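Since we're looking at a predicted model, the values are computed, not measured. Values below: every heavy atom of this structure, side chains too, minus hydrogens, waters and symmetry copies.
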Amino acid sequence: EVTERGVCWNTESNPEITHQRTVEGTGLGTFTSEVADLEPNTTYYVRAYAKTATEIGYGEAIKIKTPCTPIDDLPYIEEFNDVMDLLCWSQEASLYVDNGWKINDSTDVAYIKTNRTSGSQTTILVSPVFDLSALNQPVLKFSHTQKTQNNKTDNLRIKYKTLQSSWTQLQNYTQNISSWSEEVVN
């Protein structure tokens, strides 16, 4: 006879009921459980459990990652000088496995390095979520360079999306820019 059931979770794999847990009653059958008080931007392992008078059985652990807390301390300045500051940044849609945004420790620059020799690619550097509700007219300022190499110039597109929408393009940069240039997007 099941005397207790629920889910348990921890930041290490294979959580046990000695860690955090919910208690969702007794007996057999399905149940719903709400896991609360999780830290933002943290990986957790969660699994169901059932207790009898003599044993504890566990289900398979699933891995979840909690979202980052939306940034509302504005203006927000990211100088790309500390990898830890980038934990809430992500990337989307790279066609080439080796392509990804990297931080150059000696120059504090975020860049993408590609191994492609032909075709096209899209890799999107995605910022953390911002809470812009207190702003009437948000402004984005950034510096970039876009050097032409081998007769090819990257195409830098500035896009945004809300939690309920798809990407909307604000600006497109296709010119050769050999030195750092500050841009402003309203």
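Distance alone, capped at 3.5 Å, places no donor-acceptor pair between the R47 side chain and the S13 backbone. Side-chain N or O atoms of S133 include none that pairs as donor or acceptor with a backbone N or O of D131 at under 3.5 Å. The backbone N or O of K65 sits nowhere less than 3.5 Å from a side-chain atom of T43 that would complete a donor-acceptor pair. A distance-only check finds no donor-acceptor pair linking the side chain of T168 to the backbone of K161 [under 3.5 Å].
Hydrophobic clustering (ILVMFWY, side-chain heavy atoms < 4.5 Å, transitive): F130 and W89 are in one cluster. Hydrophobic clustering, with ILVMFWY side chains joined whenever heavy atoms are under 4.5 angstrom apart, groups V185 together with Y160.
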Original post:
Run the side-chain contact (heavy atoms from CB on, under 4.5 Å) check on W167 and V126 step by step: do they pass?
Top reply: CA-CA 11 Å; W167 290 105; V126 181; 4.0 Å; yes

Original post:
Can you list the steps and then say if V35 with Y44 is a side-chain contact (heavy atoms from CB on, under 4.5 Å)?
Top reply: CA-CA 11 Å; V35 177; Y44 288 94; over 6 Å; no

**OP:** Please lay out, stage by stage, how R5 and F31 fare under the test side-chain contact (heavy atoms from CB on, under 4.5 Å).
**Re:** CA-CA 9 Å; R5 64 185 187 179; F31 63 91; 3.7 Å; yes

Original post:
For V184 and L140, what are the C-alpha separation, side-chain angles and deciding distance, and is it a side-chain contact (heavy atoms from CB on, under 4.5 Å)?
Top reply: CA-CA 6 Å; V184 177; L140 170 67; over 6 Å; no

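No hydrogens or angles considered: nothing links the side chains of Y173 and Q175 as a donor-acceptor pair under 3.5 Å. With no hydrogens or angles considered, no side-chain donor-acceptor pair links E1 and T3 at under 3.5 Å. Y49 and E16 are not linked by any side-chain donor-acceptor pair at a separation below 3.5 angstrom, with hydrogens and angles left out of the test.
The 12-atom threshold is exceeded at CG of N172, counting heavy atoms of other residues, nucleotides or ligands nearer than 6.0 Å. Annotation: Q171, atom CD; neighbour count of heavy atoms from other residues, nucleotides and ligands within 6.0 Å is above 12. Heavy-atom contacts from other residues, nucleotides or ligands closer than 6.0 Å to OH of Y58 number more than 12.
The two residues S33 and V7 have their closest heavy-atom pair at OG-CG2, 3.4 Å. Here the closest heavy-atom approach between residue P128 and residue Y76 is recorded as CG-OH, 4.2 Å. Across all their heavy atoms, T11 and Y45 have their closest contact at O-CE1, 3.5 Å. Looking at every heavy atom in both residues, R21 comes nearest to V23 through NE-CG2, 4.0 Å. Residues I177 and H144 come closest through the heavy atom pair CD1-CE1, 3.4 Å.
For the atom pair CG (N186) and CD (Q137), the distance works out to 7.5 Å, reported to the nearest 0.5 Å. How far NZ of K141 is from CD1 of I77: 9.5 Å, rounded to the nearest 0.5 Å. Distance OG1/T174 to CG/L156: 10.0 Å, rounded to 0.5 Å. The distance from the CD1 atom of I158 to the CD atom of Q169 is 9.0 Å, given to the nearest 0.5 Å. Distance CG/N10 to OG1/T18: 8.0 Å, rounded to 0.5 Å. Here OG1 of T52 is found 11.0 Å from CD of E4. Values are rounded to the nearest 0.5 Å.
Under the 4.5 Å side-chain criterion, counting only non-hydrogen atoms from C-beta, I64 is in contact with V46.
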